[in-house]
Amino acid sequence: MQKFTQVNGLVAPLDRANVDTDLIIPKQFLKSIKRTGFGPNLFDELRYLDEGYPGQDASKRPLNPDFVLNQPRYQGSEILLSRKNFGCGSSREHAPWALVDYGFRAVIAPSFADIFFNNAPKNGLLLIKLDEAVIDRLFQEVEANEGYRLAIDLPAQTVTTPSGEVLSFEVDPFRKHCLIEGLDDIGITLQDAEAIQAYEAKRSQVTPWIFS
Amino acid sequence: MALTLYDKLWDAHLVKQRDDGTALIYIDRQLLHEVTSPQAFEGLRLAGRQPWRLSANLATPDHNVPTTNKERQVGVSGIEDETSRIQVQTLDDNCDEFGITEFKINDPRQGIVHVVGPEQGATLPGMTLVCGDSHTATHGAFAALAHGVGTSEVEHVLATQCLIQRKMKNLLIQVDGDLQPGVTAKDIILAVIGEIGTAGGTGYAMEFAGSAIASLSMEGRMTICNMAIEAGARVGLVGCDQVTLDYVKGRPFAPQGEDWDKAVAYWKTLHSDADASFDKVVKLDAARIEPQVSWGTSPEMVVAVTDRVPELEKAEDDNQRKSWEAALKYMGLEPGQAITDIQLDRVFIGSCTNSRIEDLREAAAVAKGRRVAASLKQALVVPGSGLVKQQAEEEGLDKIFIEAGFEWREPGCSMCLAMNADKLGQGEHCASTSNRNFEGRQGYGGRTHLVSPGMAAAAAIAGHFVDVREF
């Protein structure tokens, strides 16, 4: 997993509430048995004018010029700004995989759906919650200023705007640690292997049918 | 101290509370399917890890399997789409390699994971259960702590039998009173989502209680918990009672003999204490709930069948008005349009929400002796499992559907998410018993309306929405 400390990145505004995981990566691309390669199909139905299917050459497909990620000024974006309940719907981890594969390092929104909120940081994608009023203002600033960048500092838990305004955000201490160090959860949990075995030994007396 | 059901399940599975506020929670059961597991198995292989407890896992392909008899009769090799065939074959190969029990594509026990688990007794009260699918909330109907996980967590559970979690808050949805005839569990949950919104349950474990819930069958309770995630809650819950015990008893994976008695004694404690406190309580009067139809591209965009598509000025704020406007444009509907004026192109009866025997009976009772409207391109009935299909055929439901002009298919997720060949064409309207009406969900440009099985069958006959109570 890619480590996350500081990112100073171009911001793309996706002005839409309840962005669901079907929209982030449509189901036909979930037939892949790999973790990578989903970037060209991120937001497929918004991004292209034709119907997408696995194995296409994305460079030959007609782009939707109205879609934000197709506009020249947002090329190379690393930070996605969106509205409330981002990532709702299916548990598909292909959604954060697609965002990361495209090049996004962080998503900033007023709120995120629970499962997506769990999945994203396991793939090095930082999710930042800011107040709705602040998000409203960021949308205005991004649209008004071409080349608008935000500087995210995870250790300091701050987002700094081009004008020097510093916005603080909350992050789960465990997730923060894993993101900064690039750690995966399994290795950490296996350090508690003895505790898991002890739990099983005790619990199998109470609910033996679970362990038979 | 008085505890909620969620508190009890959490406490019973706490392996270790960490200083940073996270907890290690033990997972009793994991269900696996072909779409969200291949990368998890690959991760195990790359790290040289083995599953922690093999017998905790049960697998079956469902999302990506074809449902026509033609493609199904020879098994995996009959799947025409190559990438789908490879994915289903990969599940078989992984389960064979690691020694995980799998109901393969032509096993009569194969089906949608959330139908198969309960049907087999692999879902039991008091369990923690996960699956790489958000509709895992379904299993909470058994007083089990069940939720969807991503592929990293599928791998994590395979490798450690645990998950790193933070405790959620408690939300109680209290539904009292008697449902009107023709109004079902599906209408209750759609009404709940309409009331609290798609993010209303975010951060909560959502327990359903009250006389209307207590009087539901296990099938109905599963339908309700299934869609907790559509209200933002990863976890749906219903306390254990005699209905639960009667359903579980005698199922293949359920405890027997002395273990059964011991289990029942424990399971009877699995309900929220009378004076337990919840962080939030929402009350609904069951008698006031009418058959529901979704009109938009989010499950919260739902109204009674007697109602109309909302006028934009009724939106709470600018953001909601923008969402409604975009949804109406996508759906090809006008503000103020009567729901019963929405003409349909296809009807889908199936999915982990509504493909169990009771759902098929409900739809068949409406379809019996009638004909699907000539204006419809297709009306599909897809049973949730091979065993549901068998039982329906024993009851003659297949004949009722076929004689009425429905197609009777092999089990799988099918047109709920349209990963296989069952999908909507661009601009087509579908009355669907599934759970999501997101843009493109049932096919590129497809327009989904969520309804109960009875409402879907009635809509198939009429060619447009009708009130099943008057049908």
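It should be emphasised that the depicted structure is a prediction, and the values quoted were computed from it without experimental measurement. A, B, ... follow the sequence lines: proteins, then strands. Residue 1 opens every chain.
- For residues 197-210 of chain A, heavy-atom neighbours of chain B at less than 4.5 Å comprise A:Q197, A:Y199, A:E200, A:R203, A:Q205, A:V206, A:T207, A:P208, A:W209, A:I210, sorted by residue number.
- The greatest number of non-hydrogen atom pairs below 4.5 Å with chain A, out of B:R29, B:R49, B:Q426, is found for B:R49.
- With B:R436 contributing its side chain and A:G89 its backbone, the two residues share a donor-acceptor pair below 3.5 Å.
- Of the listed residues B:Q320, B:K16, B:Q256, the one with more heavy-atom pairs under 4.5 angstrom with chain A than any other is B:K16.
- Contact of A:H177 with chain B is not made at all, since no heavy-atom distance falls under 4.5 Å.
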Next item on the list: Kindly determine whether A:D114 and B:Y204 satisfy side chain to side chain contact (heavy atoms under 4.5 Å, CB included), including the steps that lead there.
Entry: CA-CA 9 Å; A:D114 281 345; B:Y204 292 94; over 6 Å; no

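- Residue contact with chain B, scored on non-hydrogen atoms closer than 4.5 Å, involves the backbone of A:S212 exclusively.
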Next item on the list: Let me see the working for B:R18 and A:I188 under side chain to side chain contact (heavy atoms under 4.5 Å, CB included), right down to the final yes or no.
Entry: CA-CA 12 Å; B:R18 293 185 168 137; A:I188 296 170; 3.9 Å; yes

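- In plain terms, the two heavy atoms of B:Y444 and A:L49 that are nearest each other are OH-O, 3.4 Å.
- When heavy atoms are compared at a cutoff of 4.5 Å, A:F211 approaches chain B by way of both its backbone and its side chain.
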Next item on the list: Tell me, with the steps shown, if A:F174 and B:R166 meet side chain to side chain contact (heavy atoms under 4.5 Å, CB included).
Entry: CA-CA 10 Å; A:F174 174 71; B:R166 270 180 184 280; 5.6 Å; no

Using distance only, find each side-chain donor-acceptor pair of residues 25-38 of chain A under 3.5 Å and give its atom names and separation, not counting sequence neighbours.
{"unit_1": "A:K27", "atom_1": "NZ", "unit_2": "B:G440", "atom_2": "O", "d": "2.1"}
{"unit_1": "A:K27", "atom_1": "NZ", "unit_2": "B:R441", "atom_2": "O", "d": "2.7"}
{"unit_1": "A:Q28", "atom_1": "NE2", "unit_2": "A:G52", "atom_2": "O", "d": "2.8"}
{"unit_1": "A:K31", "atom_1": "NZ", "unit_2": "B:D81", "atom_2": "OD2", "d": "3.2"}
{"unit_1": "A:K31", "atom_1": "NZ", "unit_2": "B:S84", "atom_2": "OG", "d": "3.4"}
{"unit_1": "A:K31", "atom_1": "NZ", "unit_2": "B:M419", "atom_2": "O", "d": "3.3"}
{"unit_1": "A:S32", "atom_1": "OG", "unit_2": "A:K34", "atom_2": "N", "d": "3.0"}
{"unit_1": "A:R35", "atom_1": "NH2", "unit_2": "B:E155", "atom_2": "OE1", "d": "3.2"}

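- Taking chain A as the reference chain and counting heavy-atom pairs below 4.5 Å, the highest number among B:W260, B:Y26, B:F253 is found for B:Y26.
- Residues A:I186 and B:A159 approach most closely at CG2-CB, 3.8 Å, considering heavy atoms.
- Annotation for B:T22 and A:D172: closest pair CG2-OD1, 4.2 Å, computed over non-hydrogen atoms.
- For the set A:L23, A:L190, A:N18, the entry with the most heavy-atom pairs within less than 4.5 Å of chain B is A:L190.
- The main-chain N or O of B:S152 is found under 3.5 Å from a side-chain atom of A:E93 such that the two form a donor-acceptor pair.
- Scanning all heavy atoms of the two residues, the minimum distance from A:T189 to B:H156 falls at OG1-NE2, 2.7 Å.
- Using a 4.0 Å cut-off between charged nitrogen and carboxylate oxygen, B:D133 and A:R92 do not count as a salt-bridge pair.
- Distance SG/A:C88 to CD/B:E300: 9.0 Å, rounded to 0.5 Å.
- Among the candidates B:T36, B:D259, B:T151, the residue making the largest number of heavy-atom pairs closer than 4.5 Å to chain A is B:T151.
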Item checked: Derivation and outcome, side chain to side chain contact (heavy atoms under 4.5 Å, CB included), residues B:E153 and A:K122 -> CA-CA 9 Å; B:E153 290 191 323; A:K122 294 183 202 303; 3.3 Å; yes

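- Once rounded to the nearest 0.5 Å, the distance linking CD1 of B:I164 with CG of A:D185 reads 4.0 Å.
- Contact detail for B:W52 and A:A193: the closest heavy-atom pair is CH2-O, 3.8 Å.
- What you find for B:S134 and A:S91 is that their closest heavy atoms are N-OG, 3.4 Å.
- Looking only at distances, a side-chain donor or acceptor of A:N119 sits under 3.5 Å from a matching main-chain atom of B:G150.
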